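All figures in this text were calculated on a predicted structure; none of them were measured in a lab.
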Amino acid sequence: MAIRPEEVTAIIKKELEKYKTRLRMESTGTVLQVGDGIALVYGLDDVMAGELVQFPSGTLGMVFNLEEENVGIVIFGNEKNIKEGDIVKRTSRIPQIPVGEALLGRVINPLGKPIDGKGPINTHKSRPLEAHAPNVIQRQPVKEPLQTGIKAIDSMIPIGRGQRELIIADRQTGKTAIVLDTIINQKNKGVYCIYVAIGQKMSSIVAVAETLKKHGAMDYTTIVSASARASASLQYLAPYAGCAIGEEFLYSGKHALVIYDDLSKHAQAYRQLSLLLRRPPGREAYPGDVFYLHARLLERAAKLSDDMGGGSLTAIPIIETQAGDITSYIPTNVISITDGQIYLETDLFYLGVRPAINVGLSVSRVGGNAQIKAMKQVAGRLRLDLAQYRELVAFTQFGSELDRTTQAQLTRGERMIEILKQDQYEPLPANKQVMIIYAGTNGFLDDLPISCIKNFEMEFYKYMEKLHPDIELQIETKKELSNDLKAALDRVIDEFKKEFRMKFKI
């Protein structure tokens with residue numbers, strides 16, 4: 001049967017119309033270029049910044065850059081299955097992560113997938129990684145202490161629930177040790193912890209998980225892992241994922257602590273993504289600026305008003321400095337966003353002062369509001385006394401003759417430094433901290449040799465537990481030192497001191 005030319009023409013026209021329609025689909029685009037965890041896509045005319053898109057292999061990506069000619073997408077997962085010419089689809093979703101108590105005790109990646117081999121996470125709740133911070137009306141002042149169990153911090157640089165306190169120091173000076181002690185100290189205190197590991201060796205993350213498990217802290221802790229071998233896009237997402245998990249507790253009227261270890265590596269991951277997408281990587285206006293990146297993350301920490309449930313999200317970011325330089329770009333950024341910083345000094349660390357806190361450069365802008373009254377009573381002058389002691393030590397190096405007052409200050413300072421030293425993974429309850437600092441600041445240790453101070457402290461705790469548990473209980477329940485309680489403490493410390501001198505023949 002002969003086919004007429006007009007029939008052929010009609011069929012071709014029909015096919016061409018279909019083809020044109022397929023090209024004009026607004027919800028798909030074509031991969032122009034792929035590499036280094038980045039894909040440039042042509043099309044996707046109506047896609048939004050921060051939206052998830054899907055590649056043919058099922059791999060997800062997030063829209064990071066909106067250009068006139070193309071869209072820059074960061075890839076979550078393996079880019080080897082993605083090639084030039086692949087069709088990319090919109091999902092009309094933003095990145096979300098599973099949240100809730102089902103995540104406690106688990107190690108997950110920033111997309112919420114478990115990487116601890118314990119099977120799937122059974123939760124129907126999820127939250128967006130990016131969210132608005134609570135406004136001023138929805139907040140209340142930070143006034144409830146978050147005890148770290150570390151004498152030097154709880155007495156001089158207190159952290160409150162809902163605060164943002166930066167830990168800043170060179171590498172290998174005990175930054176992670178402080179946050180691990182803080183997590184361990186939250187046992188039975190109703191605070192859920194999220195530890196976000198960014199750009200660390202996988203062996204370090206495993207060691208953290210094992211340490212927390214050993215001390216029974218994994219029962220209330222979630223670890224979000226974006227190790228050094230993870231892509232820059234996952235390292236970029238990690239702190240937002242940790243924050244979203246914490247926000248679930250915050251808005252449920254509970255208390256959470258999120259630790260970002262560390263934001264220096266987060267800034268490096270962001271810089272890598274920015275340079276690959278040819279956008280300004282550092283000092284630039286909204287939204288590209290790395291300052292805005294960390295500001296919108298840390299602003300989400302808050303103590304909510306009673307009308308909102310009274311929950312809190314405390315943030316402890318960590319920043320690594322180079323040769324103690326806290327004046328460089330990223331450290332000054334984060335210092336200006338947070339409510340104070342704990343500065344660890346390398347020289348002190350090597351002198352055996354651990355935690356190696358520099359009292360002069362460390363500060364908590366919440367201050368005494370985040371302390372129990374008993375701690376304020378015993379540690380009120382401690383910070384100033386230690387700062388004066390450091391100055392006197394520097395002065396006495398000139399070898400000049402010292403008067404009695406100066407000698408007394410040096411003696412007291414040496415003993416207070418010794419008291420504030422603390423072994424790792426041994427956080428102390430507040431009542432014990434109050435008792436030993438009371439003994440130090442009131443001169444009970446001034447006539448003891450420095451070498452005996454550590455022994456004195458350990459024996460003192462045992463003595464109080466065994467013979468005077470009522471004093472500890474009173475400090476714990478009343479949270480302040482009445483005149484009667486001070487008199488009782490003076491008497492008990494005197495008695496113990498005599499026994500201690502006899503026992504150790506001092």
Item checked: Check: Tyr463 main-chain N/O paired with Glu459 side-chain donor or acceptor under 3.5 Å -> no
Check: Under the side chain to side chain contact (heavy atoms under 4.5 Å, CB included) criterion, do Thr182 and Ile153 qualify, and how do the steps go?
Finding: CA-CA 10 Å; Thr182 305; Ile153 294 175; 5.7 Å; no
Note to self: Using a strict threshold of under 4.0 Å (side-chain N to carboxylate O), is an ion pair present between Lys265 and Asp262?
What the structure shows: yes
Margin query: Which residues pass the ring-ring contact (aromatic ring centres under 6.0 Å, His included) test with Phe349, not counting sequence neighbours?
Written below: none
Notebook entry, point to check: Which heavy atom of Gly246 sits nearest a heavy atom of Ile194, and at what distance?
Noted result: CA-CD1, 3.6 Å
Check: Is the closest side-chain heavy-atom distance between Thr148 and Asp181 below 4.5 Å?
Finding: no
Next item on the list: Measure the shortest side-chain to side-chain distance between Gln341 and Val363 over non-hydrogen atoms and say whether it is less than 4.5 angstrom.
Entry: yes
Next item on the list: Answer yes or no: is there an ion pair linking Lys213 with Glu210, defined by an N-O contact shorter than 4.0 Å?
Entry: no
Notebook entry, point to check: Which atom pair, heavy atoms only, marks the closest approach of Ala301 to Arg139?
Noted result: O-NH1, 3.0 Å
Checklist line | Donor-acceptor pair, side chain of Gln433 and main chain of Met375, under 3.5 angstrom | finding: no
Item checked: Spatial distance of atom OH (Tyr425) from atom CD1 (Ile183) [nearest 0.5 Å] -> 10.5 Å
Check: Are Met308 and Tyr251 close enough, and set up right, to give a side chain to side chain contact (heavy atoms under 4.5 Å, CB included), and what steps lead you there?
Finding: CA-CA 7 Å; Met308 293 281 291; Tyr251 290 109; 4.1 Å; yes
Next item on the list: Apply side chain to side chain contact (heavy atoms under 4.5 Å, CB included) to Leu103 and Ile121, showing your working.
Entry: CA-CA 7 Å; Leu103 272 75; Ile121 293 167; 3.7 Å; yes
Item checked: Spatial distance of atom CD (Glu101) from atom CZ (Arg106) [nearest 0.5 Å] -> 14.5 Å
Item checked: Rounded distance (nearest 0.5 Å) linking atom CG of Leu348 with atom CD1 of Ile417 -> 7.5 Å
Check: Where the side chain of Gln186 meets the backbone of Gln147, is there a donor-acceptor pair that is under 3.5 Å apart?
Finding: yes
Notebook entry, point to check: Taking all non-hydrogen atoms of both residues, which atom of Ile205 and which atom of Ser225 are closest, and how far apart?
Noted result: CD1-OG, 3.4 Å
Notebook entry, point to check: Does Asp339 reach the main-chain N or O of Gln163 with its side chain, forming a donor-acceptor pair under 3.5 Å?
Noted result: no
Note to self: Closer than 3.5 angstrom, by distance alone: can the side chain of Thr173 be matched with the main-chain N or O of Leu344 as a donor-acceptor pair?
What the structure shows: no
Note to self: Is there a salt bridge (charged side-chain N to carboxylate O under 4.0 Å, His left out) between Glu418 and Arg415? Walk through the geometry before answering.
What the structure shows: CA-CA 5 Å; Glu418 204 62 30; Arg415 278 142 189 81; over 6 Å; no
Checklist line | Rounded distance (nearest 0.5 Å) linking atom NZ of Lys478 with atom CD1 of Ile372 | finding: 13.5 Å
Item checked: Min side-chain heavy-atom separation Val353-Lys421 under 4.5 Å -> yes
Item checked: Closest contact, heavy atoms only, Ala374 versus Ile475 -> CB-CG2, 4.3 Å
Notebook entry, point to check: So do the side chains of Leu297 and Leu263 get within less than 4.5 Å of each other, counting heavy atoms only?
Noted result: yes
Next item on the list: Locate the shortest heavy-atom distance separating Leu420 from Ser155; write the atom from each residue and the value.
Entry: CD2-OG, 4.2 Å
Item checked: Side chain Thr321, main chain Ala169, donor-acceptor under 3.5 Å -> yes
Next item on the list: Please collect all ring pair (Phe, Tyr, Trp, His ring centres under 6.0 Å) contacts where either partner lies in residues 293-328, sequence neighbours excluded, each pair once.
Entry: His266-His294
Next item on the list: Could you check Thr411, Ile453, Ile493 and say which one makes a side chain to side chain contact (heavy atoms under 4.5 Å, CB included) with Leu445?
Entry: Ile453
Note to self: Looking at every non-hydrogen atom in both residues, tell me the closest pair between Leu166 and Ile319 and how far apart they are.
What the structure shows: CD1-CG1, 3.5 Å
Note to self: So if I apply the side chain to side chain contact (heavy atoms under 4.5 Å, CB included) rule between Leu250 and each of Leu313, Val258, Thr314, which one comes out positive?
What the structure shows: Leu313
Note to self: Distance check, rounded to the nearest 0.5 Å: Ile337 atom CD1 versus Arg164 atom CZ?
What the structure shows: 8.0 Å
Next item on the list: For residues Gln235 and Gln272, determine if any side-chain heavy atom of one lies less than 4.5 Å from a side-chain heavy atom of the other.
Entry: no
Margin query: Measuring centre to centre across the rings, with the benzene-like ring taken for any Trp, is Phe456 within less than 6.0 Å of Phe496?
Written below: yes
Notebook entry, point to check: Between the main-chain N or O of Ile168 and the side-chain N or O of Lys175, is there a donor-acceptor pair closer than 3.5 Å?
Noted result: no
Checklist line | Validation row: Met156, Ile342 side chains within 4.5 angstrom (heavy atoms) | finding: no
Check: Would a 4.5 Å heavy-atom cut-off, applied to side chains only, mark Leu212 and Ile184 as touching?
Finding: yes
Check: Can a salt bridge be assigned to the pair Arg501 and Asp447 using a cut-off of 4.0 Å between side-chain N and carboxylate O?
Finding: yes
Next item on the list: Check for a donor-acceptor pair, side chain of Ser364 on one end and backbone N or O of Ile159 on the other, with a separation under 3.5 Å.
Entry: no
Next item on the list: Taking the side chain as every heavy atom from C-beta outward, state whether Gln96 and Pro128 have any atom pair closer than 4.5 Å.
Entry: yes
Margin query: Any side-chain to backbone donor/acceptor pair from Glu248 onto Pro98? Under 3.5 Å, distance only.
Written below: no
Notebook entry, point to check: Can any side-chain N or O of Lys143 pair as donor or acceptor with the backbone N or O of Gly160 at less than 3.5 Å?
Noted result: no
Next item on the list: Establish, from distance only, whether the side-chain atoms of Asp403 and Thr406 form a donor-acceptor pair under 3.5 Å.
Entry: yes
Margin query: Using a strict threshold of under 4.0 Å (side-chain N to carboxylate O), is an ion pair present between Arg296 and Glu299?
Written below: no
Next item on the list: Apply the test side chain to side chain contact (heavy atoms under 4.5 Å, CB included) to residues Phe249 and Val191: give CA-CA distance (whole Å), side-chain angles for both, the deciding distance (0.1 Å), then the verdict.
Entry: CA-CA 9 Å; Phe249 299 116; Val191 177; over 6 Å; no
Please list every donor-acceptor pair under 3.5 Å in which a side-chain atom of residues 464-474 meets a protein atom from a residue at least two apart or in another chain.
{"unit_1": "Glu465", "atom_1": "OE2", "unit_2": "Lys432", "atom_2": "NZ", "d": "2.8"}
{"unit_1": "Glu472", "atom_1": "OE1", "unit_2": "Lys432", "atom_2": "NZ", "d": "3.3"}

